[in-house]
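Scroll down for the structure; my scribbles are underneath it.
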Amino acid sequence: MITKEEFLKQVKTQIYPLIDKKRDAKVFRVCMTGSIFIFFSLLCLLIYLHVSYSAPDKETLNNRIFGFIVGPLGVSVLISCVVWRAYVRYTKRSLRPIIFKILNATHIREKEIQGLSIRQLQKMFFLPRYYWRDIDKVQNDSLGLMDEKVPFYIQEVSFARGWLKRETFQGPVARFFLPKETNLSLMVLKKEALLSKDAAVLSTKEGINDLLKSQGWQILSSKNTKFSADYFVFTNDMAEARRVMTPRFLEQIKELEDIYEAPINFLFDKGQLILAIKTDKDMFEFFTEARMIQTYAKFYDEIAALDQFQKSFKLK
């Protein structure tokens, strides 16, 4: 994988020249001007309708003046924010292919990847189960470092939470393609990473029994009371699961959590190790300001942490 110094150097030479600050400022001014125009247009319309269809009562007008101002102001600000955010998102999206190319990463769609689908992972409680959603949405953005000894693939997962509701990001899901396929199934769920309603289901005997029955798993018990309090653990092979879950492996998961500042679930399934990193944000929105090199550096650190993680596998 490219070094951090070289990556940041390439960002400055390939990305920075594409950032048009004058255009950004112009679009921002248009949004602000449009917001003011919409505000006064709606304000005048409301006053006209009030005068035309109500008694031109000064006291009534005074009572409604707060609504006349707050309503148009809220609508105008909302529209301007939507337009500005759409422009920012479009700008960032146009730069992502260049970032991926610098990393020598490959774009891969979910349907091209073998293994459990996002919906299957939800049914196992590995990812959130939004029962009220219209449809699960998987971001088209993905990043695969397939030339490594243990190739891995990162995809962003978001969920629609209902009609006209904003998307909720789960965060990146990383798949490591292990050197040797095994029959081991092992799922470790961090309780703090679960939705409260999912944690409630898994805290009941009925919920646990349904999951164990559908997957052919058993509960992996631990003498470590703190570990048992923090995690749900299920497996089809007790001995192999304990061999894999060494103190060093769990320490590496903790190191990743520290870098991402987020809890992590992990799952071994048919030669894959899948990590669900609950950042609640889009990993590929890797900068808040186009020329803040620190945000590119943080993005690199998150990718590099996974790259380093794959180098430590001794599961052959």
Side-chain angles (χ1 to χ4, degrees), residues 8 10-102 107 133-135 137-141 156-171 279-299:
L8 296 180
Q10 293 292 328
V11 165
K12 291 178 180 178
T13 57
Q14 296 189 42
I15 297 295
Y16 280 16
L18 300 178
I19 298 169
D20 190 342
K21 285 200 162 189
K22 291 183 179 179
R23 184 184 62 185
D24 294 350
K26 182 179 179 180
V27 173
F28 184 78
R29 285 196 302 270
V30 169
C31 289
M32 293 300 295
T33 303
S35 177
I36 294 171
F37 174 78
I38 293 171
F39 168 71
F40 281 107
S41 297
L42 291 176
L43 179 62
C44 292
L45 177 62
L46 287 176
I47 293 175
Y48 170 78
L49 292 175
H50 172 80
V51 172
S52 300
Y53 297 98
S54 305
D57 186 311
K58 184 176 181 180
E59 182 179 350
T60 303
L61 181 60
N62 289 336
N63 292 336
R64 295 184 180 178
I65 194 69
F66 179 78
F68 284 173
I69 294 176
V70 172
L73 181 61
V75 171
S76 61
V77 170
L78 177 62
I79 293 175
S80 297
C81 288
V82 168
V83 173
W84 173 249
R85 286 175 62 86
Y87 168 76
V88 171
R89 183 172 290 273
Y90 169 79
T91 302
K92 292 178 179 180
R93 188 176 293 272
S94 67
L95 298 178
R96 289 177 192 167
I98 303 172
I99 292 290
F100 292 176
K101 185 177 180 180
I102 294 173
H107 174 80
R133 65 189 180 273
D134 287 337
I135 187 172
K137 294 184 179 180
V138 179
Q139 292 297 102
N140 288 327
D141 295 304
E156 275 295 354
V157 178
S158 65
F159 302 102
R161 300 184 62 181
W163 187 66
L164 289 182
K165 297 289 183 68
R166 65 173 296 185
E167 291 178 17
T168 297
F169 271 97
Q170 159 69 22
T279 60
D280 294 328
K281 63 182 180 181
D282 186 350
M283 179 181 184
F284 297 128
E285 291 286 350
F286 39 74
F287 57 90
T288 52
E289 293 291 340
R291 287 184 179 243
M292 283 184 65
I293 198 65
Q294 296 92 336
T295 51
Y296 291 95
K298 184 176 185 300
F299 172 73

Problem set entry | Heavy-atom closest contact (Lys12 atom, Pro17 atom, distance) | O-CD, 3.5 Å
For this session: Find the distance between CZ (Arg96) and NE2 (His107) and round it off to the nearest 0.5 Å.
Result: 11.0 Å
Problem set entry | Partners passing side chain to side chain contact (heavy atoms under 4.5 Å, CB included) against Lys298 (at least two apart in sequence or in another chain) | Lys281, Glu302
Anything under 3.5 Å between a donor and an acceptor, one on a side chain of residues 28-45, the other on a protein residue two or more places apart or in another chain? List them.
unit_1: Thr33; atom_1: OG1; unit_2: Arg29; atom_2: O; d: 2.9
unit_1: Ser41; atom_1: OG; unit_2: Phe37; atom_2: O; d: 2.8

Seminar exercise, completed: Separation between CG (Leu95) and OH (Tyr296), nearest 0.5 Å, reads 6.0 Å
Problem set entry | Between CG on residue Leu8 and CD1 on residue Ile15, distance to nearest 0.5 Å | 11.5 Å
